[in-house]
Each structure stands twice: as C-alpha cells, then as structure tokens.
Number of protein chains: 2
Amino acid sequence: MPHIIGQGQCATCQIRHLSIFAELEDVLNEDIRSFHPSVMVFDAAETVYRQQSVANSAFTLRKGVVKLIKMLPNGRSQIIRLLRKGDLFGFDGFAGEAYNHTAIAVTNSEVCRLPLNELMALKKKNPEIEQAMMMRWIRDLREAEDMMLELGAKKAGERLASFLFKWCGENGSWQELPLSRLEMGELLGLTIETVSRFLSDWKRKGLINESRGSMQIADADALRELVCMNGSC
Amino acid sequence: MPHIIGQGQCATCQIRHLSIFAELEDVLNEDIRSFHPSVMVFDAAETVYRQQSVANSAFTLRKGVVKLIKMLPNGRSQIIRLLRKGDLFGFDGFAGEAYNHTAIAVTNSEVCRLPLNELMALKKKNPEIEQAMMMRWIRDLREAEDMMLELGAKKAGERLASFLFKWCGENGSWQELPLSRLEMGELLGLTIETVSRFLSDWKRKGLINESRGSMQIADADALRELVCMNGSC
DNA sequence: CGCGTTGTTGAGTGGATTCAATGGATGTGG
DNA sequence: CCACATCCATTGAATCCACTCAACAACGCG
C-alpha cells in the first residue's frame, strides 16, 4: 500500500534543482521553507491517482518511474507519458478539471504530493514558480506533439527504434529500462509480440544489447540504417 | 500571399470573449486598449509559420480553420491539431523554443499576430491573462493526451467515428468540415483510401450524410453500434 | 470542352495482430 | 534442493486490417 513517509523539506530537497522550485534562488524564501508537501512511496504497479477523480493535488516525482495511462472501456490501454525524476504531473486541477489519465508506478517510487490550494498560493506569490510551470507545460505539449507524430505516422520498427534512441541516447551507454514488453507496446501502440520480435531481431543482429532490465544501443548507425531507410525517423 | 489588413482593436474585438483576453472585464483597461496586434489574412494552404523557425510571435485565430502539422523527412505528415475560432497557437517562444510544428491555413483565415515580448509584458501585468493561458495549455495537453489514445489504441473505423462525433456532435446537426480525405487521413494516421472507404460505407448505410463540405451524423447510435461494438470508443 | 484535382472502388500485398505453444526466469513451499 | 507455480518473453502459424497500386468517376475551373 502507498503510504506517507514524512513531510518534505523543499528548501533542502535533493532534487530541488529538477523541480519547479529550482529557480527560487533564495533558499531562505519564507514560502518555500514553510511548504512541506507529503512524501509518499508507491510500490511498482500501485496507483498514484485515477482518471476522473478530483484533482486536488499535483505531484513531483522524486525517485523511480511513473506511467500515465488512459484506458478504453474494452481494456486496451495507452501509456501517455513516462515520468522520471523531477517531473511534475497531475496538475489538471489548475484548470478546474478532474484527472485526465491514471498515474501508476512502474518501479518503486517516491512522490511529493503538492496540495493544489497551497501550490496555487505559492505560485501566485512567486512568479518564478509560475514561470517554471509554464515552461513545463509547453515542453509537455511539445513532447505530446512529437508522440502524436510517432503514433500516427511511423511503423512499428520506427516507433520502437525512436523510443530506444530517446531513452538510451546514441552514444552506446547502458540505460535502465524498467518497462516490460507489454508496457513498451502500450506506449507505442503495439502488441507484446511485435515489440518482442523487433527486439529479438535487433539483438540477433548485434544492434542492441539487453541485460537485467537495462538496454544498450550497440550500433546506432546500423540500427538507424536498418529501420529508418528512407528518412522515416 | 498572406498580408496584414490592419491593427486589431482587442478591446472591441468580436471574438474577444473567446480569446485569452476574455477575462479582462475592464474594457477600459489601459494595457489592452493600447495593444494592437496585426491582423493577417491567409488563403487556404498558406503557411502561418514553419517548424524550426524562431517563435517570436504567438497567434489567435479569428476566422477559418488552421492545421498544425509535423512532417517526417520522408514526406509522411501528421496533423497535430485543428484550430478553430478563438484558439491560441504558436506560443513555443514562451519557453524559449522554436516552433515545434508548422501552421497552415486549411480555409481562408484571419489571424491576430501577438508579438511575444508585448504579450509577455501584458501577461506579467495582468494575471487574468496568465490564468487564461494556463487554462489553455492544460486543456491543450489534455486534448493531446486524448489524441494519443486515439492514435495508439484505436482502429481505423474507431478513430474516424470518434473524430466525427467530436467534430459534428451527436445531435444530428450539420457541421462544416473543411477537410479533404487526405487531411482527415493525416489527422488520424490513415490513408486517403481508408478514410474514403469508411465514409462511403457509412453513407451507403445511411449513418452519415455529406454535402458541399458539410457533414451530418444521421444515426449516431447505429454508427456507434456498428463501429464501437465492444466498448472500443 | 479539356484539364487538374479530389474522391471512389477494386485487387493484391504486406505488416501487425491474434492465437497458440514453448522456453526461461523467479519465487515458494515442501 | 527440488518440484511446482507464476510471470514474462520468445517464436511460429494463420488471419486480418490497412496499405499500395491502379483505374476510373466526379467535380470545379479556366
């Protein structure tokens, strides 16, 4: 079960530089010093909030990976976004709306719960927060646009390769990738089997490597060559 | 060629109630009275701005329909969003970014060009504008999320039907739908032929009607019954 | 009228899904 | 430590949905 492990100290938080409070240079700022959001922990697969429920808190991810998903009545589901350390989410309440998606922990995670009314007051008094949130919304929107291009205009292999490039980078480094085949499919609009087939094929060809939940792009050029033949990525 | 037809009078603009200035109740507000964005007209197919170019203006659509599109190097393209009267677009500059998509007029259109620096100043002085823009960003993001579900989790017929329901409503009214088959395809991630086949089929079955660029859902229940059999919409 | 553009329809192909069986890893209890 | 259960990934075979290619029809326009 998710539970609260304490009250956060935003002013001295380790991930403050990633958060919407990053720009508040004055660490002695009264507002931020007196703001103590609950820090909550979620095990993998536990739900942070549900679509349609009243959005009276926003959240910042401190640790772990969280997925935002939408579901169809028939059970098919789509991962809308993957969240990493420092990401702000669940802010529909700012527009007076209920949550538009469900947030579920992919790995064990730590989350700061930011009550909407407190955050709103804080934002009103500190324009830097307002600014930081605006930057994030615009960035989120841009990424959503990019994702629509992926889903609408690319084929299976192209989507999967794009995703790996984005997640792992192109420099051959190993990156933790805590997603199951099912989840990669739900993110990219593909089935388990399709994801598995492409990954297996690329592994056989030595283009990527995988080990204990981590992934490496061994030969980015060759992968791009193989998948994105005519400039399709 | 697109051209400027004059300076807008925001305070007395006919679509002010739809714009980000709607909440500024004080019509005598000095700021808004002295703000005179250029009003530009674009013929169908003309470009408002291009992806990658410097985003030094945002825009409000006064009249017509504009599409935001992204293109792949190989020519495939995806319509990210359709804009209607009152919509705000092209605000990437607020995050210091270049435009992330290309904006093209679908029909003859009128657009207000809002220089970024002026709009920023206006926003800083008038929290209502800030608030209105925030609401829009969040709404835009929610719609983008909905679209990701469409593109990632639904089949061709389901996507097309959802789109028609959203555009035409469910009450059997006629709505102008100034999109070609190609554009509907680009919006929904389908080909011309697929769109045409479904629409022809539904017309033959008397579920929808089309005439001179307008569309009507004649039998919403039957359409939903046919397409969304197991709760897939 | 001829022409270009857009929409329709058919036939064939192919890509991704579905269905099904197997394999591998992990964990639990005896 | 092994037997067993469970979960996830892999692989094959068959199916189906949407795409591609192609021909033709409809429409608007000069």
Side-chain angles (χ1 to χ4, degrees), chain A residues 43-45 72 74-78 106-107 150-164 177-205 208-215 226-230 232, chain B residues 43-45 72 74-78 106-108 150-164 177-205 208-215 226-230 232-233:
Chain A
D43 288 340
L72 252 28
N74 65 359
R76 279 182 252 164
S77 76
Q78 178 69 24
V106 173
T107 64
E150 296 290 321
L151 294 171
K154 290 189 186 178
K155 298 183 189 303
E158 296 161 2
R159 288 183 218 171
L160 187 53
S162 287
F163 168 69
L164 291 181
L177 179 50
L179 296 185
S180 68
R181 301 291 188 259
L182 176 64
E183 286 168 320
M184 292 188 222
E186 285 175 345
L187 178 67
L188 301 173
L190 304 171
T191 57
I192 275 192
E193 294 95 330
T194 302
V195 172
S196 180
R197 276 183 240 274
F198 276 101
L199 292 179
S200 298
D201 184 42
W202 296 343
K203 276 193 246 177
R204 271 191 291 270
K205 289 178 170 139
I208 62 172
N209 293 302
E210 194 181 26
S211 169
R212 295 169 278 105
S214 286
M215 191 82 85
L226 174 67
V227 180
C228 319
M229 324 172 41
N230 324 313
S232 50
Chain B
D43 288 338
L72 250 28
N74 65 1
R76 278 182 253 164
S77 76
Q78 177 69 24
V106 173
T107 63
N108 295 354
E150 296 290 322
L151 293 171
K154 291 189 184 176
K155 298 186 190 299
E158 296 162 2
R159 288 183 218 172
L160 188 53
S162 288
F163 168 68
L164 291 182
L177 179 50
L179 295 185
S180 68
R181 301 290 188 260
L182 176 63
E183 286 168 321
M184 291 188 221
E186 285 175 346
L187 178 68
L188 302 172
L190 304 171
T191 57
I192 274 190
E193 295 94 330
T194 302
V195 173
S196 180
R197 274 184 242 275
F198 276 102
L199 292 180
S200 298
D201 185 41
W202 296 343
K203 275 193 249 178
R204 272 189 291 269
K205 288 176 171 142
I208 62 172
N209 293 302
E210 193 181 25
S211 169
R212 293 171 279 106
S214 285
M215 191 85 85
L226 175 67
V227 180
C228 320
M229 324 171 44
N230 323 316
S232 49
C233 301

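Quick caveat, the model's predicted, so the values are computed rather than measured. Naming: A, B, ... by sequence-line order, numbering from 1 per chain. No hydrogens, no waters, no symmetry mates; every other heavy atom, side chains included, goes into these values.
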Applying side chain to side chain contact (heavy atoms under 4.5 Å, CB included) to I192(A) and not counting sequence neighbours gives L182(A)

Select base, sugar-phosphate, or nothing to describe what G189(A) touches, counting heavy atoms under 4.0 Å on all strands.
-> sugar-phosphate

Donor-acceptor pair, side chain of N108(B) and main chain of A44(B), under 3.5 angstrom | yes

Ionic contact status for D201(B) with K205(B), cut-off 4.0 Å = yes

Between atom CG of L179(B) and atom CZ of F163(B), what is the distance when rounded to the nearest 0.5 Å?
-> 5.0 Å

For K154(A) and S162(A), test the side chains for any donor-to-acceptor distance below 3.5 angstrom and give the result as yes or no.
-> yes

For the pair made of CD in E158(A) and P in dG14(C), what is the distance, rounded to whole Å?
-> 17 Å

Tabulate atom names and distances for all N/O pairs under 3.5 angstrom spanning the protein and nucleotides 23-30 of chain D.
none

In chain order, what residues pass the side chain to side chain contact (heavy atoms under 4.5 Å, CB included) check against R181(B), with sequence neighbours excluded?
-> M184(B), V195(B), L199(B), K203(B), E210(B)

Write out a two-atom table: protein N or O, nucleotide N or O from nucleotides 6-10 of chain D, distance below 3.5 Å.
{"from": "dA9(D)", "atom 1": "OP1", "to": "R181(A)", "atom 2": "N", "distance (Å)": "3.2"}
{"from": "dA9(D)", "atom 1": "OP2", "to": "R181(A)", "atom 2": "N", "distance (Å)": "3.2"}
{"from": "dT10(D)", "atom 1": "OP1", "to": "R181(A)", "atom 2": "NH2", "distance (Å)": "3.3"}
{"from": "dT10(D)", "atom 1": "OP1", "to": "K203(A)", "atom 2": "NZ", "distance (Å)": "3.2"}
{"from": "dT10(D)", "atom 1": "OP2", "to": "R181(A)", "atom 2": "NE", "distance (Å)": "2.8"}
{"from": "dT10(D)", "atom 1": "OP2", "to": "R181(A)", "atom 2": "NH2", "distance (Å)": "3.4"}
{"from": "dT10(D)", "atom 1": "OP2", "to": "S196(A)", "atom 2": "OG", "distance (Å)": "2.7"}
{"from": "dT10(D)", "atom 1": "O5'", "to": "S196(A)", "atom 2": "OG", "distance (Å)": "3.3"}

For the student: nearest non-hydrogen atoms of S232(A) and V227(A), plus distance = OG-O, 3.8 Å

Any side-chain N or O of T191(A) under 4.0 Å from OP1/OP2 of dA16(C)?
-> no

Note down the inter-axis angle between the two ends of the helix from dC1(C)-dG30(D) to dG30(C)-dC1(D), five pairs each, to the nearest 10°.
-> 30°

Contact check, side chains of L164(A) and L177(A), non-hydrogen atoms, under 4.5 Å | yes

Does any non-hydrogen side-chain atom of L188(B) lie less than 4.5 Å from one of E150(B)?
-> no

Gap between atoms CZ and C1', on R159(A) and dG15(C) respectively (whole Å) = 11 Å

Could you give the CD-to-P distance, from E186(B) to dG7(C), as a whole number of Å?
-> 12 Å

Summary of ring-ring contact (aromatic ring centres under 6.0 Å, His included) pairs that have at least one residue in residues 177-201 of chain A, sequence neighbours excluded = F198(A)-W202(A)

Figure out the CG/C1' separation between D201(A) and dA16(C), and round it to whole Å.
-> 15 Å

Answer yes or no: is there a donor N or O on one side and an acceptor on the other, between the side chain of S180(B) and the main chain of E183(B), under 3.5 Å?
-> yes

Taking atom P of dT17(C) as reference, at what distance in whole Å does atom CG of L160(A) sit?
-> 11 Å

To the nearest angstrom, the CG-C1' distance between N74(B) and dT20(D) comes to 15 Å

